[in-house]
Amino acid sequence: MNDHRHAPEGASRQANETAAGARFTTAVAHPNIALIKYWGKADPALNVPAVPSMSITLDALTTATRIRFDASLAADTISMNGSELAASSSQARRITTCLNTLRALAGTELKARVETRNDFPTGAGLASSASGFAALVVAAAGALRLELPATDASRIARAASASAARSLFGGFAELPAGAVGEDVAAMALAPAGHWPLEVVVAICAEGPKAVGSTRGMLDSAASSPFYRTWVDAAAADAAAGRHAVLQRDFAALASVSEASCLKMHAVMQTTRPPLLYWNAATMATLERLRSLQQDGAEVFFTMDAGPQVKAVCAPGTGPTVAAALAAVPGVSRVLTTALGGPARLDAAPWA
Ligand code: PMV
């Protein structure tokens, strides 16, 4: 559906000139949040999910990444939100590994200068790795003049961060489960215009999360007594979520999404050591949403590996929910967003 190609001529047209004359290519991508959750790996080495997931892409949160491959560079250098990453850091190594895949496809060993920034909190359960790797793959493919269908870009992004596979697509996206050695990609389920849901994000803590998803998932698989049950029920949840989206059935989507979220958190909380991502503001926000639902508001919650609550609202319901959640004790601010488009090259100058 959204299988757009990042054409070579588009890449050169959209490369920005720096003062020094070196060419950068810029891409933007939006984070997505899963309504049917991914938690668990069938193949940890290849980063293949053990469960199918389904997500919505958020318009108002954006990662912008620009990249330049340059013969004068001895190594990849990466700036994230204005700070240089140490080459030995886990973030830098993940980025270089992802770039290596694209370099191999392009038949080059040129090193890259990467600059990336988010207009929202990084590493705090707001899916910054999803938008980050989606933007990186699109920018690097453009800079290398690779004609990469979105499905192939999604597969490469998945190897770095499985949720990033979904951010290649706008609107509603699905990522299937895979088996050992299976190189799965996400796919579009429906574009944003199919059902203009609104999302209110209640920021319940600004800091980075305590335990990252990769470590957490491995610990859950090894120690949660509920992990197997979670995996076994996931296909049915994904089918119910897909059907609800295609039918625009809000009550059905709310029911299966809240259930998927709470089952994932039950697995997290029963992991050893436990993964407790919620705080007092998270609980207060859930209580407020329950009372809004009892008053008839079409809204439901979802949460990821962090304390933030994402309230998914029927079209037109966002402003009421945003006003209610902004008044919850401990919520520092709320962000309201429509559903967004796919990751793409962006001609906008890097300000
Ligand atoms: O792809 P990762 O490693 O960022 O894991 C994402 C896990 C959750 O955000 C908790 C769930 C999901 O499906 O996005």
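Order of appearance sets the numbers: ligands from 1, and atoms from 1 within every ligand. What you see below is based on every heavy atom in this structure, not just the backbone, and it leaves out hydrogens, waters and symmetry mates. Source: prediction; values computed, not measured.
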Please identify which atoms of ligand 1 are closer than 4.0 Å to at least one heavy atom of [X].
X    : answer
A162 : 1 (O)
D304 : 8 (C), 9 (O), 10 (C), 11 (C)
S213 : 2 (P), 3 (O), 4 (O), 5 (O)
S161 : 1 (O), 2 (P), 4 (O)
A34  : 12 (C), 13 (O), 14 (O)
M217 : 5 (O), 7 (C)

For ligand 1, which part of R166 has a heavy atom less than 4.0 Å away: the side chain, the backbone, both, or neither? side chain

So for S129 against ligand 1, with non-hydrogen atoms under 4.0 Å, the contacting part is side chain

NZ/NE/NH1/NH2 to OD/OE distance under 4.0 Å, D304 and K310: yes

Do E115 and R113 sit within salt-bridge range, that is, some charged N less than 4.0 Å from a carboxylate O?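 Salt bridge flag = yes for R113 with E115.
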
Looking at residues at least two apart in the chain, or sitting in another chain, which of them share a side-chain contact (heavy atoms from CB on, under 4.5 Å) with T282?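 T282: side-chain contact (heavy atoms from CB on, under 4.5 Å) contacts with C204, W278, N279, M303, P307, V309.
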
Can you sort out the partners of Q293 under side-chain contact (heavy atoms from CB on, under 4.5 Å), two or more places apart, ordered by chain and number?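 With sequence neighbours excluded, Q293 shows a side-chain contact (heavy atoms from CB on, under 4.5 Å) to E258, R290, V299, F300, given in chain and number order.
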
Counting only N and O atoms by type, is there a donor-acceptor contact under 3.5 Å from the side chain of [X] to the main-chain atoms of [Y]?
X    : Y    : result
R23  : A143 : no
Y227 : D219 : no
N118 : N81  : no

For ligand 1 and [X], I'd like to know whether there is a polar contact (N/O to N/O, distance under 3.5 Å).
X   : answer
K41 : no
Y38 : yes
K37 : no
W39 : no

Assess the residue pair F69 and L102 against the criterion (side chain to side chain contact (heavy atoms under 4.5 Å, CB included)); give the C-alpha distance rounded to whole Å, side-chain angles, the decisive distance to 0.1 Å, and a yes or no. CA-CA 12 Å; F69 288 89; L102 290 150; 5.8 Å; no

